[in-house]
Amino acid sequence: MEKKKTLPVIQSLQTGIGILELFVSEDRPLKFSEIQELTGITKSNLHKYLNTLTITGLLHRDKDQGTYHLGSKLIEFGNAAIGSVDLIQKATPYLKKISRELQLTALLSVWTHDGPVIANIWNSQPGLNIGAQIGTRLPVLSSAGKAYLAFKDEAAVKEWKRKGLEYMPFESKQQLEEELPNIKQHYFSYAAEPLVKQISSFSVPVLDYKYDMIGCITIVGFTQLIPTSHENGMSTFVIEQAFELSECFGWQKES
């Protein structure tokens with residue numbers, strides 16, 4: 001059996017990254033003595049590492065408190081990494097694959113300050129009227145709308161939810177609230193005829209490394225063709241595709 005080659009590394013760089021990872025795992029400012037105790041690095045070497053990380057902006061030292069915490073340079077790096085990934089561009093091959101496999105319409109919606117909006121559509125049935133096009137705002141009771149209510153930060157959806165439920169009967173509101181925990185548990189949302197009669201849909205979330213919902217994949221078709229449960233093979237396939245797409249944005253399923 002062929003042995004795997006060990007790639008050459010710069011050990012001091014690994015050590016420096018390990019110090020940064022320590023701050024992530026501890027999630028609090030740390031004093032020199034605490035860093036030394038947690039890493040086991042000698043005091044003389046640790047001084048050099050901390051000085052280097054501080055000068056480069058990767059760490060910041062609070063002189064008054066005598067503590068270190070993660071620096072602003074990391075925010076720049078994070079924003080650059082996130083900004084280089086285009087959700088619509090990344091999602092398009094998945095929409096094509098899903099639509100081709102299921103012979104149904106697949107669409108991607110994204111969140112705006114005024115609710116979810118359709119950002120891309122891949123239609124395997126060009127003549128099918130799904131009652132929406134790119135730019136269409138989706139209602140609270142659409143399958144995508146329910147998914148955003150289940151996964152999106154409560155503060156972000158508060159006003160949109162209030163407007164959407166304003167004239168809804170109490171029984172309907174209660175039913176919706178009962179649905180949301182199941183949607184969050186199974187990553188699956190269903191809505192019967194949300195926009196056009198005889199056309200129904202189901203949706204699954206696209207999540208990022210913060211477990212924030214950054215988008216939603218929705219499958220649309222004639223009601224008799226759309227599964228109502230996450231246990232259906234069609235649903236499982238789409239959920240797996242959404243998980244794979246979410247992993248591109250740093251998401252990992254909780255065990």
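All of these numbers come straight from a predicted model, not from anything done at the bench. Each residue takes its place number in the sequence, starting with 1.
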> Can you name the nearest heavy-atom pair linking Leu70 to Val24, along with the distance?
Replying inline: CD1-CG2, 4.1 Å
>> According to side chain to side chain contact (heavy atoms under 4.5 Å, CB included), who are the partners of Gln65, at least two apart in sequence or on a separate chain?
In response: Asp62, Thr67
> Measuring from Thr54:OG1 to Arg61:CZ, what's the distance to the nearest 0.5 Å?
Replying inline: 8.0 Å
> Does Leu102 reach the side chain of Leu225, with side-chain heavy atoms less than 4.5 Å apart?
Replying inline: no
> In this structure, which one of Val110, Asp212, Ile217 forms a side-chain contact (heavy atoms from CB on, under 4.5 Å) with Val206?
Replying inline: Ile217
> Would you say Ile214 and Leu207 make side-chain contact, with heavy atoms under 4.5 Å?
Replying inline: no
> For the atom pair CG (Leu176) and CD (Glu171), what is the distance rounded to the nearest 0.5 Å?
Replying inline: 13.5 Å
> Counting distance only, does the side-chain N/O of Lys173 pair as donor-acceptor with the main-chain N or O of Leu165 below 3.5 Å?
Replying inline: yes
> Is Trp111 close to Cys216 at the side-chain level, that is, under 4.5 Å between some pair of heavy atoms?
Replying inline: no
> Given the rule that I, L, V, M, F, W and Y join up when any side-chain heavy atoms are under 4.5 Å apart, are Leu50 and Ile17 in one cluster?
Replying inline: no
> How many angstroms lie between atom CG of Leu87 and atom CD of Gln89, to the nearest 0.5 angstrom?
Replying inline: 10.5 Å
>> Could you report the tightest heavy-atom contact between Ile239 and Val204, atom names first, then the distance?
In response: CG1-CG1, 3.5 Å
>> Counting only heavy atoms from other residues, nucleotides and ligands, does the tally under 6.0 Å from CD of Gln11 exceed 12?
In response: no
> Nearest heavy-atom pair of Lys146 and Ile183: which atoms, and what distance?
Replying inline: CB-CD1, 3.7 Å
>> With rounding to the nearest 0.5 angstrom, report the OH to CG distance, Tyr68 to Leu30.
In response: 11.0 Å
> Would Lys161 and Glu177 pass as an ion pair if we require N to O under 4.0 Å?
Replying inline: yes
> Within a strict 4.5 Å, meaning less than it, do heavy atoms of the Tyr94 and Leu245 side chains meet?
Replying inline: yes
>> Starting from Trp122, can I reach Val117 by hopping between I/L/V/M/F/W/Y residues whose side chains sit under 4.5 Å apart?
In response: no
> Looking only at atom types and distance, does a side-chain atom of Ser172 sit under 3.5 Å from a main-chain N or O of Met168, one as donor and one as acceptor?
Replying inline: no
>> What's the separation between atom NZ in Lys31 and atom CD in Glu37, rounded to the nearest 0.5 Å?
In response: 13.0 Å
> How are the rings of His230 and His186 set to each other: parallel, tilted or perpendicular (split at 30° and 60°)?
Replying inline: parallel
>> Donor-acceptor check, side chain of Ser235 to backbone of Glu231, threshold 3.5 angstrom: yes or no?
In response: no
> Going by atom types only, do Tyr190 and Ser203 share a side-chain donor-acceptor pair under 3.5 Å?
Replying inline: no
> Should Phe249 and Tyr209 be marked as a side chain to side chain contact (heavy atoms under 4.5 Å, CB included) after you check the CA-CA gap, both sets of side-chain angles, and the distance that decides it?
Replying inline: CA-CA 6 Å; Phe249 297 90; Tyr209 69 101; 6.0 Å; no
>> Please find the pair of heavy atoms, one from Ser142 and one from Gly145, that lie closest to each other, and give the distance.
In response: OG-N, 2.9 Å
>> Name the residue from Phe151, Phe202, Phe237 that meets the ring pair (Phe, Tyr, Trp, His ring centres under 6.0 Å) definition with Phe188.
In response: Phe202
> Less than 4.0 Å between a side-chain N and a carboxylate O, is that true for Arg28 and Glu34?
Replying inline: yes
> Do Tyr187 and Pro205 touch side chain to side chain, with heavy atoms closer than 4.5 Å?
Replying inline: yes
> Hey, are the side chains of Ile121 and Thr105 touching, using non-hydrogen atoms and a 4.5 Å cut-off?
Replying inline: yes
> So His69 and His60, would you call those rings parallel, tilted or perpendicular, with 30° and 60° as cut-offs?
Replying inline: tilted
> Does a side chain donor of either Asp208 or Ser246 reach within less than 3.5 Å of an acceptor in the other side chain?
Replying inline: no
>> Working note: Ser99 + Asn123, criterion side chain to side chain donor-acceptor pair (under 3.5 Å); need CA distance, chi angles, decisive distance, verdict.
In response: CA-CA 7 Å; Ser99 182; Asn123 198 342; 5.8 Å; no
> Does the side chain of Ile118 reach to within under 4.5 Å of the side chain of Leu108, using non-hydrogen atoms?
Replying inline: no
>> So does Val157 get a backbone contact from the side chain of Lys152, meaning a donor-acceptor N/O pair under 3.5 Å?
In response: no
> Between Trp160 and Pro116, which heavy-atom pair has the shortest distance, and what is it?
Replying inline: CZ2-CD, 3.4 Å
> What's the verdict on side chain to side chain contact (heavy atoms under 4.5 Å, CB included) for Thr52 and Leu58, showing C-alpha distance, side-chain angles and the deciding distance?
Replying inline: CA-CA 9 Å; Thr52 302; Leu58 298 175; over 6 Å; no
>> Restricting to non-hydrogen atoms, name the atom on Ser200 and the atom on Ala192 that form the minimum distance, rounded to 0.1 Å.
In response: OG-CA, 3.3 Å
> Where do Glu166 and Lys163 land on the salt bridge (charged side-chain N to carboxylate O under 4.0 Å, His left out) test, with the steps shown first?
Replying inline: CA-CA 5 Å; Glu166 191 172 4; Lys163 290 179 180 178; over 6 Å; no
>> With a 6.0 Å cut-off (strictly less than), is the heavy-atom count around CD of Glu26, excluding the residue itself, greater than 12?
In response: yes
>> Using side-chain heavy atoms (C-beta onward) and a distance below 4.5 Å, is Thr218 in contact with Val220?
In response: yes
> Above 12 or not: heavy atoms from other molecules or residues under 6.0 Å from CD of Gln252?
Replying inline: no
> Is there a donor in the side chain of Thr42 and an acceptor in the side chain of Asn45, or the other way round, less than 3.5 Å apart?
Replying inline: yes
> Are the side chain of Gln36 and the backbone N or O of Ile41 linked by a donor-acceptor pair below 3.5 Å?
Replying inline: yes
> How about Ser201 and Ser143: does a side-chain donor come under 3.5 Å of a side-chain acceptor?
Replying inline: yes
>> Quick check for you: to the nearest 0.5 Å, what is the distance between Leu138 atom CG and Leu141 atom CG?
In response: 12.0 Å
> How would you list all residue pairs meeting ring-ring contact (aromatic ring centres under 6.0 Å, His included) that involve residues 6-37, not counting sequence neighbours?
Replying inline: Phe32-His47
> Can you tell me if CG on Leu13 sees more than 12 non-hydrogen neighbours from other groups inside 6.0 Å?
Replying inline: yes
